[in-house]
Amino acid sequence: MKKTAVLAAILKTLEEELKMLTRGARASYAAATDPDSKAENKYDTRTLEASYVARGQAQRVAEVQQAVHLYQNLAQDPKAQDEVRPGSLVTLNGENHYFVGPAAGGTEIVVDGQEILVITPASPLGAKLMGKKVGETAGLGQSRTFRITAIA
């Protein structure tokens, strides 16, 4: 599995999410500014609620736009890396694949039939893996220990 394919799949997923969120944000904004959504009495909060939804949608769009930008500018070294850092494709216990990205933690992709989970250095697992080398272990609590079997 090539890192360039993983990065391309992450970008594709984020760009699809961005399109969907942008449509939702536009619809939320239209609902919040629609003249027909004016309050009918002092207890009617439709307009206020619509504005909260529109603001939340706009913030999520901005977050995903930032993630796309970060991934587009992520410096990729085509050679295998000797330690885990942002941009690393890490295999744990020979079977679990993680991409250490600058954003969009929790994004799941499939490349060459392999499931890959994006984690960030700020996540608990990402923080434990940063700076580790192949053969070293990282633990999450007392019962979960992972051995790094590959870094790309």
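Here, residue 1 is the first one in the sequence, and each next residue gets the next number. Because the structure is a prediction, the values reported are computed rather than measured.
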Exercise. For E15, check salt bridge (Lys or Arg N to Asp or Glu O under 4.0 Å) against everything at least two apart and list the hits.
Key: none

Exercise. Locate the shortest heavy-atom distance separating A138 from L129; write the atom from each residue and the value.
Key: CB-CD2, 3.8 Å

Exercise. Could you grab the distance from atom CG of N93 to atom CZ of R144, nearest 0.5 Å is fine?
Key: 9.5 Å

Self-check item: L89 and I151, any side-chain heavy atoms less than 4.5 Å apart
Solution: no

Self-check item: S123 (side chain) donor-acceptor with I119 (main chain) under 3.5 angstrom
Solution: no

Exercise. Using the test side chain to side chain contact (heavy atoms under 4.5 Å, CB included), find all partners of E16 that sit at least two apart in sequence or belong to another chain.
Key: K12

Self-check item: Sub-4.5 Å side-chain heavy-atom contact between P102 and T120
Solution: no

Quiz item: Around E115, counting heavy atoms of other residues, nucleotides and ligands shown, do more than 12 lie under 6.0 Å from its CD?
Solution: no

Quiz prompt | Residues forming a side chain to side chain contact (heavy atoms under 4.5 Å, CB included) with A58, sequence neighbours excluded | solution = none

Quiz item: Do F99 and T107 come within less than 4.5 Å of each other through their side chains, counting heavy atoms only?
Solution: no

Self-check item: Hydrophobic cluster identity match, V134 and L125, side-chain contacts under 4.5 Å
Solution: yes

Quiz item: Ignoring hydrogens and geometry, is there a side-chain-to-backbone donor-acceptor pair from Y71 to A103 under 3.5 Å?
Solution: yes

Quiz item: So do the side chains of H97 and L117 get within less than 4.5 Å of each other, counting heavy atoms only?
Solution: no

Self-check item: From CA spacing to verdict: salt bridge (charged side-chain N to carboxylate O under 4.0 Å, His left out), R60, E17
Solution: CA-CA 10 Å; R60 184 69 184 127; E17 183 179 357; 2.6 Å; yes

Self-check item: Qualifying residues under side-chain hydrogen bond (donor to acceptor under 3.5 Å, both in side chains), relative to E83, sequence neighbours excluded
Solution: none

Quiz item: Could you state the interatomic distance from CD1 (I10) to CG (L74), rounded to the nearest 0.5 Å?
Solution: 8.5 Å

Practice problem: Mind checking the CZ-CD spacing from F146 to E95? Nearest 0.5 Å is all I need. | Solution: 10.0 Å

Quiz prompt | Closest non-hydrogen atom pair, E136 against K133 | solution = OE1-N, 2.8 Å

Quiz item: Looking at D112, V118, V111, which hits side-chain contact (heavy atoms from CB on, under 4.5 Å) with V6?
Solution: V111

Self-check item: Path from V68 to I116 over hydrophobic side-chain contacts below 4.5 Å
Solution: yes

Quiz item: Tell me, do N96 and T91 make a side-chain contact under 4.5 Å, heavy atoms counted?
Solution: no

Exercise. Answer whether the closest heavy-atom distance between the side chains of R85 and P121 falls below 4.5 Å.
Key: no

Quiz prompt | Where A67 and L14 come nearest, the two heavy atoms and their spacing | solution = CB-CD1, 4.1 Å

Self-check item: Set of salt bridge (Lys or Arg N to Asp or Glu O under 4.0 Å) partners for R23, sequence neighbours left out
Solution: none

Quiz item: Any side-chain heavy atom of I148 sitting closer than 4.5 Å to one from L92?
Solution: yes

Quiz item: Same hydrophobic cluster for L140 and V90, using side-chain heavy-atom links shorter than 4.5 Å among ILVMFWY?
Solution: yes

Practice problem: Taking the side chain as every heavy atom from C-beta outward, state whether M130 and V100 have any atom pair closer than 4.5 Å. | Solution: yes

Practice problem: Hey, could you give me the CD/CZ distance between Q57 and R55, rounded to the nearest 0.5 Å? | Solution: 13.0 Å

Self-check item: T145: side chain to side chain contact (heavy atoms under 4.5 Å, CB included) partners, not counting sequence neighbours
Solution: T137

